[in-house]
Trainee: 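Quick one: the structure is below, questions incoming.
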Number of protein chains: 2
Amino acid sequence: MLSTTEENYLKALLQLTMEDGLKPEAGTNELATHLGVKPATANDMLKKLREKKLIHYEKYGKSSLTTQGRKLAIDVVRKHRLWETFLYEKLGFSWDEVHEVAEQLEHIQSQKLIDSIDRLLHYPTYDPHGDVIPTASGEMKMPYRKTLLEEEVGHTCKMVGVKDNSATFLRYVDQLGLSMHNHIRILAHQPYDNILEIEVNGKKASVGQRFAENIIIVCDDCERKPAPKKRRKN
Amino acid sequence: MLSTTEENYLKALLQLTMEDGLKPEAGTNELATHLGVKPATANDMLKKLREKKLIHYEKYGKSSLTTQGRKLAIDVVRKHRLWETFLYEKLGFSWDEVHEVAEQLEHIQSQKLIDSIDRLLHYPTYDPHGDVIPTASGEMKMPYRKTLLEEEVGHTCKMVGVKDNSATFLRYVDQLGLSMHNHIRILAHQPYDNILEIEVNGKKASVGQRFAENIIIVCDDCERKPAPKKRRKN
DNA sequence: CTCATTTGTTAGATTAGCCTAACTTTTATA
DNA sequence: TATAAAAGTTAGGCTAATCTAACAAATGAG
Ligand SMILES: [Mn+2]
Ligand SMILES: [Mn+2]
Ligand SMILES: [Mn+2]
Ligand SMILES: [Mn+2]
């Protein structure tokens, strides 16, 4: 049985090693910063997790999850996102409130509990921030993610997720009148300071780079990539 | 903010000091046994809780909750019982499964969460074991409790609660075909070894003292106590 | 009232998780 | 390529929660 702290380290490592560029390893300081602890602290834990065969790590090297560690990390993420969905769907929490409480609930140890929550929610596949909920068997599809910042001027796109789950950011999104699955038109993009002019629900707004790179979208106007051919078994 | 451990000590103290005889204090060893720790450990915590003004305690004396401590303890009990009710009512857990998970959930820190669970359940007043759920304002009525062991031969009574919440005991109750609000007739009581012959749902059974003193009942045949006269304010 | 038993306390040790300060290795830049 | 900056490690210390072993106080049975 893992401690809450150990679970948090595994989850952090998963998040860092599959973020954006899919870089497969994370450094000690990076991990420490992400978790809000000092590098010395993270270093101790890395040694402990290596002992338990949950991560690959060697002195002065970067770290990554073993198959075992990855399985456990994905399970924590699954619980986190199911709880967020529960809070949002069943208890009327707003999307900027769910994360903090889910940080606590994700560590409750009861397979039956999480299975029941999953059933109660009819096996959801996305959480309130548009993140994929891993399946009970540990599969987590990594969806194609493009941010608002990368969208072309003149195009229209649909918001399908956010990358920053902080209450501050999420409330700013709400304040702009923007919600999940709304359509956004890019009116202009000042390359000099990366300011975007956008239109949402008929209202115009200017947003900065920081904002734009935290909104995940799918383009309405871009070429559809042909659906990947399904490989037949054998 | 209290730690999970501190909350557990306060809850234990509440439980010990309002059990049965309403004895108002608990000893160090008693508390330690209840929590499954050594007396030395409990002793340290008693000193810490006294520092925090949550309990009355002095060297070689018994302990009890202060008003502050009692308020906090009742809040933990409230959360515990609301979670048990949630698991039972909304997720289909059986009454012998809820306690263990509620032991974890009772420590989640979020007022909004527990308020929402309370609302979702339509403000229940009893948990699945027949225990009173304290109100949000911290009132916990101590209902009149008589056990099956105390019932007279020939009388019929109704099961309204259990005193032992262990899965082992609860499954034994299930096994006898007995559930909450069922009626029980006392056919015989062997005073020598305290064995009771009872009839439940048309089926006869023999039960021992240990069992009988853990079933809480109200008598169908006993004199109703006159409702206590309501005192007018002033 | 006495002394054996029960109850409670203290001292000292351990483990997990965290820190600071000092050190070492790696890396990137001049 | 030398060296300064960044990244990572180690040593030593702290707190919370636990333990064991030894000790002290309270109690109660004769
Ligand atoms: Mn979250
Ligand atoms: Mn967490
Ligand atoms: Mn319970
Ligand atoms: Mn508890």
Side-chain angles (χ1 to χ4, degrees), chain A residues 1-13 15-17 19 21 23-65 69 72-73 76 103-104 106-109, chain B residues 1-13 16-17 19 21 23-65 69 72-73 76 103-104 106-107 109:
Chain A
M1 188 98 321
L2 296 179
S3 70
T4 289
T5 308
E6 289 169 324
E7 288 192 341
N8 283 338
Y9 275 86
L10 293 182
K11 191 176 69 148
L13 206 41
Q15 242 124 51
L16 289 173
T17 58
E19 123 186 317
K23 84 189 139 74
E25 307 176 303
T28 305
N29 289 5
E30 196 184 354
L31 190 57
T33 306
H34 188 85
L35 287 163
V37 298
K38 298 293 164 184
T41 305
N43 187 263
D44 283 350
M45 184 58 86
L46 290 175
K47 287 189 274 188
K48 183 167 36 147
L49 292 173
R50 177 184 47 193
E51 276 320 292
K52 297 195 174 186
K53 305 266 166 83
L54 299 176
I55 66 168
H56 301 294
Y57 161 73
E58 49 195 304
K59 219 175 161 178
Y60 296 110
K62 309 276 182 188
S63 309
S64 62
L65 294 163
L72 293 169
V76 177
E103 277 299 305
Q104 298 179 61
E106 72 188 3
H107 303 292
I108 301 287
Q109 302 291 322
Chain B
M1 189 96 323
L2 297 180
S3 69
T4 289
T5 308
E6 289 169 324
E7 289 193 340
N8 284 338
Y9 276 86
L10 292 183
K11 191 175 67 146
L13 206 42
L16 290 174
T17 58
E19 121 186 321
K23 83 188 140 71
E25 307 176 303
T28 305
N29 289 5
E30 196 183 353
L31 191 58
T33 307
H34 188 84
L35 287 162
V37 299
K38 298 294 167 187
T41 307
N43 187 262
D44 283 349
M45 184 58 86
L46 289 176
K47 287 189 275 187
K48 188 177 15 157
L49 293 174
R50 177 185 47 193
E51 276 320 292
K52 297 195 174 187
K53 305 265 167 86
L54 299 175
I55 67 169
H56 301 294
Y57 160 74
E58 49 195 305
K59 218 174 163 181
Y60 295 110
K62 309 277 182 187
S63 309
S64 62
L65 294 163
L72 293 169
V76 177
E103 277 298 306
Q104 298 179 60
E106 72 188 4
H107 303 292
Q109 302 291 324

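Computed over heavy atoms, backbone and side chain alike; hydrogens, waters and symmetry mates excluded. So that the names make sense, note that chain A is the first sequence line, chain B the second, and so on, each numbered from 1.
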Trainee: So, do B:Y9 and B:L35 sit near enough that their side-chain heavy atoms are less than 4.5 Å apart?
Mentor: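 In short, these two side chains touch, coming nearer than 4.5 Å.
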Trainee: Just wondering, more than 12 heavy atoms not from B:K52 lying within 6.0 Å of its NZ?
Mentor: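 Enclosed.
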Trainee: Considering only heavy atoms from C-beta outward, does the side chain of B:E6 approach that of B:K48 to under 4.5 Å?
Mentor: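 They are in contact (side-chain heavy atoms under 4.5 Å apart), so the answer is yes.
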Trainee: How does each nucleotide of nucleotides 9-21 of chain C score, in 5' to 3' order, for protein heavy atoms under 4.0 Å: base (B), sugar-phosphate only (S), or none (-)?
Mentor: BB-----SSBBB-
Trainee: Of all the heavy-atom pairs spanning B:L31 and B:L13, show the shortest one and how long it is.
Mentor: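 Closest heavy-atom pair between B:L31 and B:L13: CD1-N, 4.0 Å.
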Trainee: 5' to 3' on DNA chain D, which nucleotides open and close the contacts with chain A (atom under 4.0 Å from a heavy atom)?
Mentor: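 Listed 5' to 3', the contact boundaries are D:dA7 to D:dT10.
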Trainee: Run the salt-bridge test on A:E30 and A:K62 with the 4.0 Å N-O cut-off and return the result as yes or no.
Mentor: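 No, this pair does not count.
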Trainee: If you take all heavy atoms of A:T17 and A:A26, which pair is closest and at what distance?
Mentor: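 Minimum heavy-atom separation between A:T17 and A:A26: CG2-N, 3.9 Å.
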Trainee: Are B:V76 and B:L2 close enough that some pair of their side-chain heavy atoms sits under 4.5 Å apart?
Mentor: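 No, every pair of side-chain atoms sits at 4.5 Å or beyond.
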